[in-house]
Novice: 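Sharing a structure below in structure tokens format, with a few things to ask.
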Amino acid sequence: MLVVTVTTQSGQRRAPKAAKTSSVFKKVVMAVSGIILVLYLIAHMIGNLKAFAGAEEFNHYSEWLRTIGNPALPGATALWIIRIVLLVAVAAHIWAAVSLWRQAKRARPQGYVTKKANAQSYASRTMRWGGVIIAAFVIWHLLDLTWGTVNSDDSSPFGRVIASFSNPVSVAFYTIAVVLVGMHLRHGIWSATQTLGQSNRRREVTVNYAATAIATVLTLGFLLTPFAVLFGIIE
Amino acid sequence: MTMTEDGPRAATAPHEERTMRITLRVWRQENAASPGKMVSYRLDDVSPDMSFLEMLDVLNEQLIMEGQDPVAFDHDCREGICGMCGVMINGRAHGNGMHDGAVQTTTCQLHMRSFKDGDTIDVEPWRATAFPVIKDLAVDRRAFDRIIQAGGYISVPTGTAPEAHATPVPKKDADNAFDAATCIGCGACVAACPNASSMLFTAAKVTHLGLLPQGQPERDDRVVNMVAQQDREGFGGCTNIGECSAACPKGISMETISRLNHDLLGALRAGARPKS
Ligand code: HEM
Ligand code: SF4
Ligand code: FES
């Protein structure tokens with residue numbers, strides 16, 4: 001008989017650290033904040049498609065966003081309410097994600113030497129790192145198109161869109177991020193349905209089709225504008 | 001010798017002549033506190049008809065003959081109903097995906113004919129903070145017992161058995177409760193889960209008892225306390241990946257997890273809070 005030592009790893013030790021907040025509560029926070037973000041994304045995608053209507057329409061739409069509710073609400077009040085809700089949703093979502101990520105690390109500090117997946121989808125496997133990339137993208141995206149800090153044209157919202165998406169590198173980065181969002185939602189929508197206790201064996205197929213459909217429509221919808229600019233359809 | 005139309009033929013069944021050579025890489029670990037390592041062993045005489053556990057028995061006989069420490073592994077019924085025998089085989093809980101046919105089952109029901117002559121097979125214990133290794137492949141799954149103690153029971157009056165037909169149960173509920181009740185507490189769901197979450201196990205128990213009339217009085221307390229206990233044990237949180245259900249020898253469905261979440265949200269709204 002031959003005896004060969006293959007790997008050496010430290011032993012497992014129990015570290016029962018009492019969870020202060022229920023793991024399910026964190027998931028509910030993730031699901032509710034995620035749904036708020038999905039609803040926002042749907043509105044945002046429709047808004048972006050206004051770019052096809054031309055510079056004037058698009059800039060006008062941008063102006064309208066800043067005056068929603070006027071004159072009942074002064075200035076950009078409504079826009080700021082939306083921004084604060086989104087900010088809180090993003091903060092809550094990231095808090096829950098990081099917290100569950102760390103809980104998972106604590107729950108299995110020592111991994112398997114060999115581990116094979118039977119069921120997990122690529123989308124479900126990329127939720128965490130994909131989420132981190134999406135967060136980085138969102139920051140760049142705001143600097144680029146909202147504040148124009150990293151944009152070469154700062155004349156108008158439409159001008160910034162044209163300047164950004166005429167650059168293939170920018171479109172490539174945007175595409176990667178949007179595809180990641182699509183995958184995130186492919187798993188996220190199904191996961192949120194489970195988390196909120198709304199799934200069952202009969203609905204499971206429908207929920208999964210719906211998740212794929214929403215994710216696909218959002219992905220394509222978001223990609224339409226930058227590619228139209230890149231190929232000169234919008235100018 | 002037996003005579004056939006074609007003439008004399010050897011009476012031995014053809015498969016008895018076939019034995020397999022298997023290289024095992026087994027996780028060896030003295031106790032929970034000591035480091036472990038993978039150790040390779042060669043077995044030259046494995047029958048394809050052996051179960052995986054019988055193959056490990058052969059390895060252990062060989063080790064004992066050589067004066068070495070046999071590999072510790074858990075087992076009891078060896079018929080797929082007690083839930084003791086779980087190990088990771090080639091990175092899959094109970095070696096699932098390798099069984100003959102489509103039926104998903106336990107390590108004791110996996111046969112060596114699912115492998116090929118010359119294969120190298122990795123065998124590891126379940127890995128989770130809440131399931132510390134006792135020795136080699138044997139892990140301490142008492143965390144599951146404590147989850148059960150936290151709420152996996154019903155209160156029944158003692159005395160004469162009640163009339164069986166006094167409490168009607170809709171067929172659909174009875175079927176779903178029974179499906180959930182087939183969970184044998186093996187821990188494959190935890191082992192396979194990328195988050196090391198015990199959600200499928202707990203959800204199976206919550207579903208099983210929560211669907212039946214006898215489970216109603218404690219329904220709200222049950223779900224909040226069992227979830228609180230699984231968090232306290234150091235299991236991870238569920239992110240609905242689905243590895244658990246795919247690894248489960250009893251095919252417990254993801255639907256049970258949704259039902260647990262539904263019950264939990266309802267219980268919290270109704271004011272149920274976990275016992276601290
Ligand atoms: C900012 C960076 C983000 C991070 C780090 C992040 C991370 C995560 C993680 C780790 C999950 C749980 C995965 C799982 O259940 O397996 C999740 C779920 C989810 N995410 Fe995100 N995400 C981010 C952004 C977004 C955005 C922008 C949206 C919406 C447009 C979104 C929508 C959702 C939804 C709907 C869920 C499902 C909730 C649930 O699992 O119950 N996420 N996210
Ligand atoms: S749910 Fe399935 S995998 Fe998990 S303990 Fe029960 S029988 Fe084992
Ligand atoms: S030994 Fe009982 S299930 Fe395998």
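The basis for the numbers below is simple: all heavy atoms, side chains too, and nothing from hydrogens, waters or symmetry mates. Below, read A as the first sequence line, B as the second, and so on, with proteins coming before strands; counting in each chain starts at 1.
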Novice: Find the one option among B:P274, B:A228, B:A192 whose heavy-atom pairs under 4.5 Å with chain A are most numerous.
Specialist: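 Counting heavy-atom pairs under 4.5 Å, the top option is B:A192.
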Novice: If I measure from the heavy atoms of chain A, does B:M199 come under 4.5 Å with its side chain, its backbone, both, or neither?
Specialist: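 The side chain, not the backbone.
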Novice: Taking every heavy-atom pair that is under 4.5 Å apart, which of B:G237, B:G266, B:S258, B:A196 has the most such pairs with chain A?
Specialist: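 Most heavy-atom pairs within the cutoff with chain A belong to B:S258.
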Novice: So which part of A:Q120 gets closer than 4.5 Å to some heavy atom of chain B, the side chain, the backbone, both or neither?
Specialist: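 Both the backbone and the side chain of A:Q120 come within 4.5 Å of chain B.
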Novice: Of the listed residues (B:Q230, B:E30, B:H262), which shares the most heavy-atom pairs with chain A below a 4.5 Å separation?
Specialist: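 Of the candidates given, the most pairs with chain A belong to B:H262.
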Novice: List for me each residue that meets side chain to side chain contact (heavy atoms under 4.5 Å, CB included) alongside B:C193, sequence neighbours excluded, and say none if there are none.
Specialist: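 B:C193 satisfies side chain to side chain contact (heavy atoms under 4.5 Å, CB included) with B:N195, B:S197 once adjacent residues are dropped.
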Novice: How close do B:H208 and B:A177 get, counting heavy atoms only, and between which atoms?
Specialist: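 Smallest interatomic distance, heavy atoms only, reads O-CB, 3.7 Å.
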Novice: Non-hydrogen atoms of chain A under 4.5 Å away: do they reach the side chain of B:D263, the backbone, both or neither?
Specialist: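 Contact with chain A: none, neither part.
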Novice: Under a 3.5 Å cutoff, is there a donor and acceptor pairing between the side chains of A:S199 and A:Q194?
Specialist: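 Present: a donor and an acceptor within the cut-off.
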Novice: Does any heavy atom of chain B fall under 4.5 Å from the side chain of A:W190, the backbone, both, or neither of them?
Specialist: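 Interface part for A:W190: side chain.
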Novice: For residues B:E66 and B:Q62, is any side-chain donor paired with an opposing acceptor at under 3.5 Å?
Specialist: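 B:E66 vs B:Q62: no donor-acceptor pair found between side chains.
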Novice: Using a 4.5 angstrom heavy-atom cutoff, name the option from B:R28, B:M88, B:E255 with the most pairs to chain A.
Specialist: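 Heavy-atom pair counts peak at B:E255.
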Novice: Taking side chain to side chain contact (heavy atoms under 4.5 Å, CB included) as the definition, give me every residue that meets it alongside B:A267, ordered by chain and number, with sequence neighbours left out.
Specialist: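 B:A267: side chain to side chain contact (heavy atoms under 4.5 Å, CB included) contacts with B:D220, B:V223, B:V224, B:A272.
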Novice: Cut-off 3.5 Å, side chains only: do A:S164 and A:S170 have a donor facing an acceptor?
Specialist: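 Yes - a donor-acceptor pair under 3.5 Å links their side chains.
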